Trainee: 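My questions all concern the structure below.
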Number of protein chains: 2
Amino acid sequence: MNPAPSMSQHDMTILAETFRLLGDATRLRILFFCLPEPKSVGHIAESLELSQTLVSHHLRLLRGARLVRGERRSKQVFYEIADNHVSDMLIDMATHIDEDHTEV
Amino acid sequence: MNPAPSMSQHDMTILAETFRLLGDATRLRILFFCLPEPKSVGHIAESLELSQTLVSHHLRLLRGARLVRGERRSKQVFYEIADNHVSDMLIDMATHIDEDHTEV
DNA sequence: ATAATATATGAACAGATATTCATGTATCGT
DNA sequence: ACGATACATGAATATCTGTTCATATATTAT
């Protein structure tokens, strides 16, 4: 029940890097926007009112950390959350935040 | 089961801020070090081979975001993870990272 | 081939951030 | 009161990061 997490230095670095990427409101918005289903770059930019360039830059970072995956469909590229671990992570965190100020 | 997390802008900001603080290897080390039990500032600094000053600065940030709590016991101040949400969060994330490269 | 659409990349810059150094404050023993 | 120990704070700085602007690449239609 209590994992007493003794993480390797390597894991610690990966974890920090992951958190660092999640630690930006713009990137978080992109991630949560793509959470329900894959979205094209243009759709993301338009919906979140961000420049296409900025969205691409952020997607590149998220891709690099394997937080999202991009798939080309003709002219557009659709991005989705990379896997269930990432989705679960996001949902878990959102839940924690929610509970944090719902509780006593 | 699927919360379809529609977070408020405010929640999103809080979440991003929390992630941002977790997104630094030094702070993460401090947090995981304090996870099993409260530790004094000096103990943290010595064990993690960080300057006392640096540890204090980071603890201040973590305190500000209510990720840790400090309690004075005579001359020393012991810091512990603020509450179960934070502990769970950290353990969850550590588990995700662990699974991420354990799996196929 | 050319043009148009969709996305990616590189350079540049302003603002943020981690770390160090110097110094301040609090608590205890004498 | 004084010195010693433990922690906190402020300023300074070098590095990093998010964003924009300009431009490149890829795909499709004509």
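On a predicted model such as this, the values are computed, not experimentally measured, just so you know.
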Trainee: Looking at every non-hydrogen atom in both residues, tell me the closest pair between B:T18 and B:L67 and how far apart they are.
Mentor: CG2-CD2, 4.1 Å

Trainee: For D:dC7 and B:R60 - does any side-chain N or O of the residue sit under 4.0 Å from the phosphate oxygens OP1/OP2?
Mentor: no

Trainee: Between D:dT19 and A:H58, is there an OP1 or OP2 to side-chain N/O distance shorter than 4.0 Å?
Mentor: yes

Trainee: Measure NZ/B:K75 against C1'/D:dA6 and give the value in whole Å, please.
Mentor: 7 Å

Trainee: Return the value, rounded to whole Å, for the distance between atom CG of B:L54 and atom P of C:dT20.
Mentor: 6 Å

Trainee: If you look at every heavy atom in B:R29 and B:L48, which pair is closest and at what distance?
Mentor: NH2-O, 3.2 Å

Trainee: Kindly point out which of D:dA8, D:dG18, C:dT7 is positioned nearest to the side chain of B:V41?
Mentor: D:dA8

Trainee: May I ask you to evaluate whether B:T53 reaches the phosphate of C:dT19, defined as a side-chain N or O under 4.0 Å from OP1 or OP2?
Mentor: no

Trainee: Go nucleotide by nucleotide along DNA chain D from the 5' end; which of B:R63 and A:T26 gets its closest nucleotide reached first?
Mentor: B:R63

Trainee: Hey, does A:Y79 reach any base, or is it just sugar-phosphate, or nothing, if we go heavy atoms under 4.0 Å?
Mentor: sugar-phosphate

Trainee: Under 4.0 Å between a side-chain N/O of B:R20 and OP1 or OP2 of C:dT17, yes or no?
Mentor: yes

Trainee: Mark yes or no for a side-chain to base donor-acceptor pair under 3.5 Å between A:Q52 and C:dA6, with no hydrogen or angle criteria applied.
Mentor: no

Trainee: Whole-Å distance between C:dT17 C1' and A:D24 CG?
Mentor: 14 Å

Trainee: Can you measure A:I30 atom CD1 to D:dG18 atom C1' for me and round it to whole angstrom units?
Mentor: 11 Å

Trainee: Check the phosphate of D:dA6 against B:R73, side-chain N and O only, distance under 4.0 Å to OP1 or OP2. Yes or no?
Mentor: no

Trainee: At under 4.0 Å, does any side-chain N or O of A:S74 touch on OP1 or OP2 of D:dT27?
Mentor: no

Trainee: Could you state the atom-to-atom distance from NE2 of B:H57 to C1' of D:dC7 in whole Å?
Mentor: 11 Å

Trainee: Any donor-acceptor pair under 3.5 Å linking the side chain of A:R72 with the backbone of A:K75?
Mentor: yes

Trainee: I want to verify a distance call: between C:dT27, C:dT7, D:dT19, whose nearest atom is closest to the B:R72 side chain?
Mentor: C:dT27

Trainee: Atom NZ of A:K39 and atom C1' of C:dA6: how far apart are they, to the nearest Å?
Mentor: 18 Å

Trainee: Could you check how far CZ of A:F19 sits from P of D:dT17, rounded to whole Å?
Mentor: 17 Å

Trainee: Taking all atoms of both residues into account, what is the closest heavy-atom pair of B:V68 and B:R63, and its distance?
Mentor: CG2-N, 3.7 Å

Trainee: May I have the distance from A:Q76 (atom CD) to C:dA4 (atom P), rounded to whole angstrom?
Mentor: 19 Å

Trainee: Quick check on the 6.0 Å ring-centre criterion: do B:F78 and B:H43 meet it?
Mentor: no

Trainee: Quick one: is A:S56 getting a side-chain N or O under 4.0 Å of the C:dT9 phosphate, OP1 or OP2?
Mentor: no

Trainee: OP1 or OP2 of C:dT17 less than 4.0 angstrom from a side-chain nitrogen or oxygen of B:R27, does that happen here?
Mentor: no

Trainee: Got a donor-acceptor contact below 3.5 angstrom from the A:D83 side chain to the A:V86 backbone?
Mentor: yes

